[in-house]
Enquirer: 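Before anything else, here's the structure in question.
Below, chain A is the first sequence line, B the second, and so on; all start at residue 1. Just so it is clear, the structure is predicted and the values come from calculations on it, not from any experiment.
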Amino acid sequence: MTDTSDTVTGASGVTGGMAAPSRRGVLQGIGGLAAASTFGTFTIISRSARAAEPLRILCWPGYEEKSVIEEFEDIHKTKVEFKIYIGGEQMLQFYAQTPPGTFDAIISDAEYVQKLVAQKAVEAFPSAAIPELANYHPKFADFAPMRAGDGAIYGVATRFSFYGISYNKDYMSPEEAQDWSSLLLPKLTGKVGVFDWYLPNLGNASLAVMPNNPTPYDITSDQLAKVREWLLQLRPQVSMFGSAGQPIIQAMIAGDVYASPTGDLDIDLKLAGYDNFDSTIPKQGGIRWQEVATLCAGSTKKDLGLEWIKYMSTAKVQSNLVYTQAFKARAPNLKVVEHWNDDQKTLLHYVPDPADPSKLLVEDLIDRSVPRGLPAQQPEREWIDIFNEFKTA
Amino acid sequence: MTAAAAGDAAIGAPARARRMRTPNDSPLKILCLAPIVIWYAIFFGLPLVFLLWIGFWRVENYQSIPDVSLQNYQEIFQNWVVKSRYGLAMLQSFWVASTTAAIATVLSFLIALALVFAVPARRQRLALLFVIAPFWSSYVLRLYSWQTILSKNGVLNSMLKAVGLDDWRLEIIYTQIATRVGLVHFLTPVLVVILYVTVINIDRTLIEAARELGASRWQAFTRVILPLSRFGLITAASFALIMGLGDALSGALLGGGAGASVLGKYPLYSAMLMTDYASSTNLPRTSALATILVVAMVAMMALGVWVAERARRRVSE
């Protein structure tokens with residue numbers, strides 16, 4: 001862990017990436033360039049080039065949208081460049097194939113932060129530097145995977161949501177949606193749409209087989225075999241695999257899919273005027289994803305990087321971040337409600353829980369969900385093979 | 001050597017000596033060909049070699065490390081029929097691509113015949129323009145349009161419902177039939193052009209001679225037009241097969257990622273390749289998977305060229 005004074009105020013003393021180019025450096029640069037073009041994503045420069053030293057951020061889509069970043073650029077009289085990635089593995093690869101110092105901050109899925117830490121890609125900062133954490137839901141204010149010891153943290157949660165069951169209320173009742181086994185009902189044969197990624201699906205299947213297991217990714221090989229069996233049982237129910245949420249939403253509107261273990265697709269559907277859709281987390285639990293803002297160890301602009309993290313932790317910014325074109329999500333800062341109207345609060349479940357008015361509905365969903373993780377006892381390839389087998393069954 | 005042949009040879013020798021020089025004999029032809037050779041070498045040859053090469057690399061700490069390792073291929077073939085079952089996906093791809101190629105070729109041939117024989121010569125270019133017009137729009141948009149047409153509550157089923165044919169509801173979305181629909185729509189404009197050029201170049205006097213010698217329209221078609229179109233048909237079918245094998249979009253958007261066919265609910269190999277990369281971001285392994293697909297396509301192309309060449313020779317004889 002690095003002390004704050006070193007990390008932040010000492011930023012100017014950090015050597016930048018302007019040393020004489022070595023052969024390896026040049027090759028890495030070419031590799032990075034090749035990777036950037038190969039992977040087909042692109043850099044979005046959010047504002048015209050009016051500042052010499054832009055802040056460079058590697059992130060999921062959404063953070064680059066004007067409604068999210070414009071105020072930061074105006075306040076700090078800087079511009080921010082974004083490199084967009086899709087998937088934690090791609091993020092790691094982009095990072096590994098660029099010279100140190102290329103990025104100042106990274107938005108990472110929480111489960112990938114430990115891999116970034118192992119590569120010494122990110123460094124800790126004191127949680128006290130982020131005053132907005134006081135307004136966070138307790139599970140995100142003291143977010144276990146981010147702890148770095150001595151009151152320091154590796155990252156701050158910026159948005160999250162769930163992989164529960166999204167369903168068409170005309171074909172599935174709210175009671176049925178409370179149980180993962182309902183996806184096996186005969187009336188849903190050939191009517192389930194699945195997000196085409198092994199990690200959330202195997203995590204949910206793990207919870208379906210071992211209800212309310214706090215560590216669904218840390219399971220034995222015997223338990224993994226049961227997960228595989230459950231998935232193979234589910235296969236006849238599945239009509240389509242969507243590479244993103246949008247194709248599944250499309251299929252739900254068209255009536256080709258009645259339910260999907262892909263969480264809160266109902267947000268987009270309701271925003272489009274389709275009120276016959278809803279989503280929930282089954283009683284056995286569901287997977288929760290969360291993104292965190294981290295500070296790059298090789299950054300030459302750590303002060304500004306930390307300012308950006310502070311900015312992203314504010315309720316106002318998060319109230320826009322969860323409503324971007326790219327994603328609809330939830331905000332860990334519970335003060336977001338102050339920036340929303342009643343419809344927005346209802347849509348995202350930031351309204352009192354009828355069963356326990358002392359807390360919000362979203363808090364109940366947080367309590368019932370488990371963070372997405374990485375396979376702990378088996379190589380990731382083994383889990384991918386099981387998912388591929390599920391697809392080809 | 002016979003006397004006649006010797007005579008021919010004697011005449012041939014000075015004839016060769018006097019032969020006029022053509023642009024083909026000019027040393028400048030190398031200069032003229034150079035740009036296209038360089039273009040293909042840089043934008044086709046090099047990336048292909050790079051792809052083949054990366055297949056032998058390995059991944060360490062999320063970085064692709066140059067190596068000469070067969071591990072990626074070993075792992076893929078260990079998973080060919082079990083676990084990830086890439087072999088089943090390849091089988092599905094060949095089944096979908098070959099049936100698509102057959103349907104698209106027949107359909108395009110009929111359109112080409114109609115263009116050549118039913119449309120007045122002065123209108124043919126305009127008609128051809130209409131046929132290839134869909135090619136100007138985005139392929140993805142066309143697939144989404146088909147999704148709207150083929151889905152459960154889509155245009156087709158709504159029309160059936162409107163005319164009281166509720167029981168005839170079509171459920172082909174997220175099957176490989178829908179994948180083929182998207183592919184056929186994608187391929188037809190190109191195949192029509194290939195086949196139009198083939199059919200328009202058939203010597204009309206041969207068809208007229210056949211008719212005057214008593215051949216029916218069907219006999220003239222089967223004994224003159226079809227044999228003379230064989231080369232174009234095989235070229236078009238090979239092209240369709242290769243495109244069908246490599247396409248992942250139609251299978252993802254209309255086929256639902258792992259749509260059912262008579263073989264079963266298997267994804268296409270190209271779609272599996274994409275999701276495998278998205279899950280692991282293992283470029284060397286993905287390159288090895290892609291190389292296997294390239295080899296399969298080259299084999300198909302070689303077979304197509306061989307059959308087409310045989311057909312051409314038969315026609316020449």
Side-chain angles (χ1 to χ4, degrees), chain A residues 27-28 31 34-35 38-39 85-97 112 115-116 118-119 121 190-191 193-199 228 235-236 238-244 246-248 250-251 253-258 380-393, chain B residues 47 50-51 54 59-64 66 75 78-79 81-89 91-92 144 147-148 150-154 157 171 173-175 178 248-249 251-260 264-267 271-272 274-283 285-287:
Chain A
L27 283 174
Q28 278 181 338
T38 305
F39 303 139
Y85 68 82
I86 306 286
E89 299 285 337
Q90 198 179 71
M91 177 271 293
L92 290 172
Q93 203 163 52
F94 276 156
Y95 178 80
Q97 293 180 343
Y112 285 90
K115 290 193 177 189
L116 288 170
Q119 290 185 50
K191 295 294 176 189
V194 172
F195 177 43
D196 199 356
W197 189 25
Y198 80 102
L199 217 47
R228 175 183 164 274
R235 184 62 181 94
V238 178
S239 63
M240 59 91 69
F241 292 85
S243 56
Q246 203 54 42
I248 306 173
Q250 201 77 16
I253 293 171
D256 297 310
V257 163
Y258 297 161
E380 285 162 40
R381 189 71 235 173
E382 201 172 324
W383 285 50
I384 294 171
D385 283 338
I386 288 176
F387 188 67
N388 282 344
E389 188 180 356
F390 161 60
K391 282 178 72 176
T392 54
Chain B
F50 195 52
L51 175 87
I54 295 177
V59 169
E60 258 181 39
N61 293 326
Y62 301 96
Q63 280 188 301
S64 300
E75 283 177 10
Q78 277 166 6
N79 280 282
V81 286
V82 293
K83 293 183 178 174
S84 280
R85 301 198 267 209
Y86 298 113
L88 296 181
L91 205 63
Q92 182 80 296
Y144 275 120
Q147 215 174 43
T148 312
L150 300 176
S151 62
K152 185 191 163 193
N153 300 329
N157 281 328
E171 297 211 358
I173 190 77
Y174 306 136
T175 68
L249 282 175
L253 293 178
L254 298 178
K265 282 182 173 179
Y266 307 131
M272 208 153 180
M274 284 179 71
T275 53
D276 219 77
Y277 177 73
S279 296
S280 65
T281 325
N282 185 330
L283 197 57
R285 188 189 168 97
T286 311
S287 297

Enquirer: Is there a side-chain contact between A:K391 and B:T275, using heavy atoms and a 4.5 Å cut-off?
Expert: yes

Enquirer: Between B:Y174 and A:S239, what is the shortest heavy-atom contact and its length?
Expert: CB-O, 3.4 Å

Enquirer: Pick from A:P247, A:G87, A:A393: which one has the most heavy-atom pairs with chain B under 4.5 Å?
Expert: A:A393

Enquirer: Give, as side chain, backbone, both or neither, the part of A:A251 having an atom under 4.5 angstrom from any heavy atom of chain B.
Expert: both

Enquirer: Give the minimum heavy-atom separation between A:I253 and B:N153, together with the two atoms involved.
Expert: O-ND2, 4.2 Å

Enquirer: Is there side-chain contact between A:Q250 and B:S151, with heavy atoms separated by less than 4.5 Å?
Expert: no

Enquirer: Taking atom OG of A:S243 and atom CG of B:L253, what is their separation to the nearest 0.5 Å?
Expert: 7.0 Å

Enquirer: What distance do A:Q246 atom CD and B:Y144 atom OH have between them, rounded to the nearest 0.5 Å?
Expert: 7.0 Å

Enquirer: For a side-chain contact (heavy atoms from CB on, under 4.5 Å) with A:T392, tell me which candidate from B:Q92, B:M272, B:K265 qualifies.
Expert: B:M272

Enquirer: Distance check, rounded to the nearest 0.5 Å: B:Y277 atom OH versus A:E89 atom CD?
Expert: 10.0 Å

Enquirer: With a 4.5 Å cut-off on heavy-atom pairs, point out which of B:V82, B:N79, B:L88 contacts chain A the most.
Expert: B:N79

Enquirer: Ion pair present between B:R85 and A:D385, side-chain N to carboxylate O less than 4.0 angstrom?
Expert: no

Enquirer: Please report the interatomic distance OG(B:S84) to CD1(A:I384), rounded to the nearest 0.5 Å.
Expert: 8.0 Å

Enquirer: With only heavy atoms counted, which part of A:L199 is less than 4.5 Å from chain B, the side chain, the backbone, both or neither?
Expert: neither

Enquirer: Do A:R381 and B:S280 have side-chain heavy atoms sitting under 4.5 Å apart?
Expert: yes

Enquirer: Could you pull out all residues at least two apart from A:F390 that satisfy ring pair (Phe, Tyr, Trp, His ring centres under 6.0 Å)?
Expert: A:F241, A:F387

Enquirer: Distance check, rounded to the nearest 0.5 Å: B:L283 atom CG versus A:Q97 atom CD?
Expert: 7.5 Å

Enquirer: Tell me, please, which residues at least two apart from A:R228 pass salt bridge (Lys or Arg N to Asp or Glu O under 4.0 Å).
Expert: A:E389

Enquirer: Using non-hydrogen atoms only, which part of B:A89 is less than 4.5 Å away from chain A: side chain, backbone, both, or neither?
Expert: neither

Enquirer: Measuring heavy-atom distances to chain B, does A:V194 have an atom under 4.5 Å in its side chain, in its backbone, in both, or in neither?
Expert: neither

Enquirer: Of the backbone (N, CA, C, O) and the side chain (C-beta and beyond), which part of B:D276 lies under 4.5 Å from a heavy atom of chain A, both, or neither?
Expert: side chain

Enquirer: Please rank B:E171, B:K152, B:E75 by heavy-atom pairs under 4.5 Å with chain A and give me the top one.
Expert: B:K152

Enquirer: Between A:I386 and chain B, with a heavy-atom cut-off of 4.5 Å, which part of the residue counts as in contact: side chain, backbone, both or neither?
Expert: neither

